Amino acid sequence: MTTIVQDSKPTTAPLAGIPTPVIDAKGVTLTFSTGDGPVFALSDVNLAIADGEFVSLIGPSGCGKTTLLRAIADLEQPTAGSLTVNGLTPSEARLKQQYGYVFQAPALYPWRTVEKNVMLPLEIMGFSRAEQGERARKNLALVNLAGFEKKYPWQLSGGMQQRASIARALSFDPKLLLMDEPFGALDEIVRDSLNLQLLRLWRETGKTVVFVTHSIPEAVFLSTKIVVMSPRPGRIIDVIDCNFPRERGLEMRETPEFLAVAHRVREGLRAGHSYED
Amino acid sequence: MTEAVASGPPAANRWFADAVPVAVVVAVILLVWYAACIPMNAVVAQGRIDAAGGGLANTLAVSWALDRPVIPAPHQIVISFWNLVFAADPTTPKSLIYHAWVTLSSALFGFAMGVLLGVVLAIAIVHMKTLQKSLLPWIVASQTIPILAIAPMIIVVLGSVGIVGILPKSLISMYLCFFPVTIGMVKGLTSPEVMQLDLMRTYNASAAQTLWKLRLPASLPFLFTSLKVAVAIALVGSIVGELPTGAQAGLGARMLTGSYYGQTVQIWAALLMASLVAGALVWAIGAIEAGTNRMLGVRE
């Protein structure tokens, strides 16, 4: 079976002219050993992500999209293959604090105010007091949470909490932002608004974003590149370039071009038997 | 108008509603107690009741006013307590406050040592998997030894090497109260979610930073629950520590001498004092907890 479409040849030239991709996965395989025998979470994954790209990983539960993101973040270790982040091993990249990670849940610490939550990584990384305050204020403003600095997480809505967690991930200004279904638990109206805010943020900061989602419209709306994944074993089915202008509005989702890309994503998922159980 | 409805009944009414159930229970207990005094004290009282001519009035008058009753009537305990607390010089052994302080100081010292030991053990156990396997069974086993069996040994052994006074009693308190702290803190320090721990990992935070910024704040609710248990049994530990030595001072000593000389009223007054002190200690921990929660913005 040759369902795996490799993306070894760079289809889009790296924006800043940097030869090494931000993320380079070659033959990445990850197997969990469980009581019921091995689980093949990732099988021969090849993927290159260039600087400044917004890449979505999409697929059904168990396709390994979160595992791939966690492997990039050095929260899981591949059992085979090579994986580099900015030319470093994921472990080295983590030790150098080169990425910000946004989890499925806000994971804010309830005993800290919103501002103190944003300062958490800065405290750990040894920024000065003044710098901590300055960066917290700036990043909370960036996610439209100015004025909520002194609130506790439980005083915020789910969407606001997730925005605070994005501000926290951005606070130490990593070049790479890893997001694991950050809006999965939110309702569609809040999600639309956060998608728009995330796009603006990405345009303004020029960060490289790897974004895990199981929503086709969300993936097409946000991404410059969509990676379609399939389960058992977790693998890449298709890599779709999504070259819409970076300035995007919600109305774009009704255009034929948008629907064509969405259709191709759905076809990819179908080819990977993602709709069967 | 709607505001009045939303804010519920006035505070005085609510206080009244809270007080009624408590008052009823207290009233029932007192009633049963006074009734029980009559048959329980019959052994010592019957002769005098008969001498006074018998009858209900004489039965009650005698049964509730004996010098050395089997069960003293509640008002006898209260009067004795009042005299021992408010009518005696608190710097002399005549005062119950003097004895309460002797026991309390030793209990608090033991409590402080026990909390410290408990927290240190919990931190060690959480950070070293081997300790969890090797140390925890011993910690659990230590609590299966009856404290009454080893308390005299601790006092006697330490006394023979010249360690007397507050320390041996405090050690017994410590021995009793480190356990709930260790168990509660192991649970508390491991209570953060995987995501909260992963977050620390993505920042490349050290174990010390993870402990200080995540594990310890997350463990506070568990710590306070443990502290309430620990502070009460620290007091028990000190009282028990006073029993086997023939100590001259302390609530335990009062209970012991009271039982030697049949002074049941004195025993009950000491008991009342012990429970008031224990209640005050638990209340104090609760107040510190409430203050901490306010400081940490815990949702009410």
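Atom set for the values below is all heavy atoms of this structure, side chains included, hydrogens, waters and symmetry mates excluded. Just so we're on the same page: letters track the sequence lines, and every chain starts at 1. The shown structure was predicted, so the numbers you read here are calculated from the model rather than taken from an experiment.
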Open item on the list: For A:I124 versus B:K213, what's the shortest heavy-atom pair and its separation?
Closed with: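 A:I124 and B:K213 have their closest heavy atoms at CG1-CD, 4.0 Å.
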Task: Residue pair A:Y109 / B:M200: nearest heavy atoms and the distance that separates them - done: OH-CG, 3.5 Å
Open item on the list: With side chain to side chain contact (heavy atoms under 4.5 Å, CB included) as the criterion, how do B:L199 and A:R168 come out once you've worked through the C-alpha distance, each side chain's angles and the decisive distance to 0.1 Å?
Closed with: CA-CA 11 Å; B:L199 187 70; A:R168 182 179 58 189; 3.2 Å; yes
Task: chain B contact via A:A93 - side chain, backbone, both or neither, heavy atoms under 4.5 Å - done: neither
Open item on the list: If I measure from the heavy atoms of chain B, does A:L178 come under 4.5 Å with its side chain, its backbone, both, or neither?
Closed with: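 Neither part; nothing is under 4.5 Å.
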Within 6.0 angstrom of [X] [atom1], more than 12 heavy atoms from elsewhere:
X: A:Y152; atom1: OH; answer: yes
X: B:F224; atom1: CZ; answer: yes
X: B:Q143; atom1: CD; answer: yes
X: B:K228; atom1: NZ; answer: yes

Open item on the list: Would you compute the distance between atom CE of B:M195 and atom CG of A:L108 and round it to the nearest 0.5 angstrom?
Closed with: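 Interatomic distance, B:M195 CE to A:L108 CG, rounded to 0.5 Å: 11.5 Å.
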Open item on the list: Once rounded to the nearest 0.5 Å, what's the spacing between atom CG of A:L122 and atom OH of B:Y203?
Closed with: 8.5 Å
Task: Winner by heavy-atom pair count (cut-off under 4.5 Å) against chain A, out of B:L214, B:L220, B:N293 - done: B:L214
Task: B:Q196 (side chain) donor-acceptor with A:A107 (main chain) under 3.5 angstrom - done: no
- [ ] Indicate yes or no for a side-chain donor-acceptor contact from B:R201 to the backbone of A:L75 under 3.5 Å, with no hydrogens or angles considered.
- [x]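 Checking the backbone N and O of A:L75 against the side chain of B:R201, no donor-acceptor pair under 3.5 Å is found.
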Task: Chi angles and distances behind the side chain to side chain contact (heavy atoms under 4.5 Å, CB included) call for A:W111, B:V298 - done: CA-CA 7 Å; A:W111 52 84; B:V298 173; 5.9 Å; no
TODO: For A:R70 and B:D198, run side chain to side chain contact (heavy atoms under 4.5 Å, CB included): C-alpha distance rounded to whole Å, both residues' side-chain angles, the deciding distance at 0.1 Å, then the answer.
DONE: CA-CA 10 Å; A:R70 289 176 63 86; B:D198 275 349; 2.9 Å; yes
